[in-house]
2 protein chains.
Amino acid sequence: MSAVIENYWVTILKALGHPTRLQIVMELLKGTKCVTDIHDLLPASQANISQHLTVLRNARIVDFAQDGSQRCYYVCRPELVEGVLSLLRNEQPESRGTKVQCCLRKPDSEENH
Amino acid sequence: MSAVIENYWVTILKALGHPTRLQIVMELLKGTKCVTDIHDLLPASQANISQHLTVLRNARIVDFAQDGSQRCYYVCRPELVEGVLSLLRNEQPESRGTKVQCCLRKPDSEENH
DNA sequence: AAATGATATTCGCATAACCTAATATCAAAG
DNA sequence: CTTTGATATTAGGTTATGCGAATATCATTT
């Protein structure tokens with residue numbers, strides 16, 4: 001897997017890995033909104049929301065359409081974002097997940113470091 | 001959506017949003033590995049890999065089974081991680097994503113801030 | 001051409017994340 | 001019970017991130 005592509009994945013994951021940005025994206029999935037709309041919905045300053053939108057834009061998660069003086073933001077990779085969210089919805093923090101038997105380390109892995 | 005759960009999602013996304021940790025997880029998906037195995041595969045120090053494994057463990061993405069003096073790490077939420085990776089594989093960084101028409105902001109949204 | 005509304009940018013600071021070097025644990029083998 | 005191999009932890013320094021305050025842009029209205 002090329003490092004360029006992997007870096008892009010990391011950029012996406014990092015962009016989604018912030019409470020405010022995740023909320024923005026979840027709101028945008030419900031429908032296109034301008035910055036003021038988002039500002040009305042979330043407990044953050046206008047400047048801060050604008051900053052987070054820039055991060056999301058750089059990760060190519062959102063894009064906007066200009067409409068006079070306002071910018072209508074939307075999720076431009078809805079399958080990706082909805083997919084990730086629906087996977088997350090299946091996970092409970094308390095659950096321990098799958099238990100797995102131990103690996104048997106092969107004694108021939110002797111590359112030195 | 002409860003803030004507790006959302007914080008957990010953010011923890012997961014943040015944990016995956018680092019190049020070394022993403023690589024660790026991708027290696028572990030191929031099979032359970034102990035720390036030395038991972039160290040042999042990735043260009044990072046033993047201490048650093050151990051630190052990243054702690055982050056992944058706190059996010060409940062990986063767990064380990066003790067086997068004598070070594071710890072066999074594995075992905076304990078394989079459906080989640082594989083799901084996310086397969087969604088990411090569908091995305092190219094160059095693609096512009098879906099274009100969307102502008103929102104029409106309703107003039108009645110007048111809650112003050 | 002002001003004034004206004006919507007949004008972006010810049011600066012400065014506080015905090016968090018990351019990494020290396022050094023050290024500590026701890027189980028298995030001598 | 002000392003040594004060794006495997007792993008974890010701590011400390012300290014560096015860089016990155018997040019955020020508020022102030023300011024800048026830019027389109028629209030007056």
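The structure displayed is predicted, hence computed values, not measured ones. Chain letters run A, B, ... following the sequence lines, proteins first, then strands; residues in each count from 1. Atoms considered below: every heavy atom in the structure, side chains included; atoms not considered: hydrogens, waters and symmetry mates.
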C:dA6 phosphate, OP1 or OP2, under 4.0 Å from A:Arg71 side-chain N/O:
no
Looking at the side chain of B:Cys34, which of D:dA8, D:dT7, C:dT7 is the nearest nucleotide?
D:dT7
Measure NE2/B:His39 against C1'/D:dA8 and give the value in whole Å, please.
14 Å
Do the side-chain N or O atoms of A:Ser50 get closer than 4.0 angstrom to the phosphate oxygens (OP1, OP2) of C:dA8?
yes
Between P on C:dA22 and CG on B:Asn48, what's the gap in Å once rounded to a whole number?
16 Å
Between CG of B:Leu56 and P of C:dA17 the distance, given in whole Å, is 14 Å
Quickly work out the B:Gln66 CD to C:dA28 P distance and round it to whole Å.
9 Å
Go through B:Ile24 and B:Val62 one step at a time and tell me if the side chain to side chain contact (heavy atoms under 4.5 Å, CB included) criterion holds.
CA-CA 10 Å; B:Ile24 290 176; B:Val62 308; 5.6 Å; no
Residue B:Arg21, side-chain heavy atoms: nucleotide from C:dC18, C:dG5, C:dA8 that is nearest
C:dC18
Rounded distance (Å) that lies between atom P of C:dG5 and atom CD of A:Gln70:
13 Å
Against the side chain of B:Tyr73, the closest entry in D:dA8, C:dA8, D:dC19 is D:dA8
Just verifying a value: how many Å separate B:Leu56 CG and B:Arg21 CZ, rounded to the nearest 0.5 Å?
6.0 Å
Is a side-chain N or O of A:Asp37 found less than 3.5 angstrom from the main chain of A:Cys34, in a donor-acceptor match?
yes
Calculate the interatomic distance between A:Leu53 atom CG and D:dG18 atom P; express it in whole Å.
14 Å
Which residues share a side-chain hydrogen bond (donor to acceptor under 3.5 Å, both in side chains) with B:Gln51, sequence neighbours left out
B:Asn48
For C:dT7, does the base pair up with any side-chain atom of A:Gln51 as donor and acceptor (N or O, under 3.5 Å, distance only)?
no
Mind calculating the distance between CG (B:Asp67) and C1' (D:dG5) to the nearest angstrom?
13 Å
Most 5' of A:Gly68 and A:His52 on DNA chain D, judged by nearest nucleotide
A:His52
Hey, does the side chain of A:Lys14 reach the backbone of B:Lys14 with a donor-acceptor pair shorter than 3.5 angstrom?
no
Side chain A:Gln46 and base C:dG5 donor-acceptor under 3.5 Å:
no
Phosphate OP1/OP2 of C:dA17: any B:Lys14 side-chain N/O under 4.0 Å:
yes
Remember a base hit wins even if backbone is also touched, and classify A:Ser45 as base, sugar-phosphate or nothing at under 4.0 Å, heavy atoms.
sugar-phosphate
State which of D:dT9, C:dT9, C:dT7 makes the closest approach to the side chain of A:Ala47.
C:dT9
Starting at CG of B:Asp40 and ending at P of D:dG5, how long is that distance when rounded to a whole Å?
14 Å
The side chain of B:His18 lies closest to which of these nucleotides: C:dT9, D:dT7, C:dC18?
C:dC18
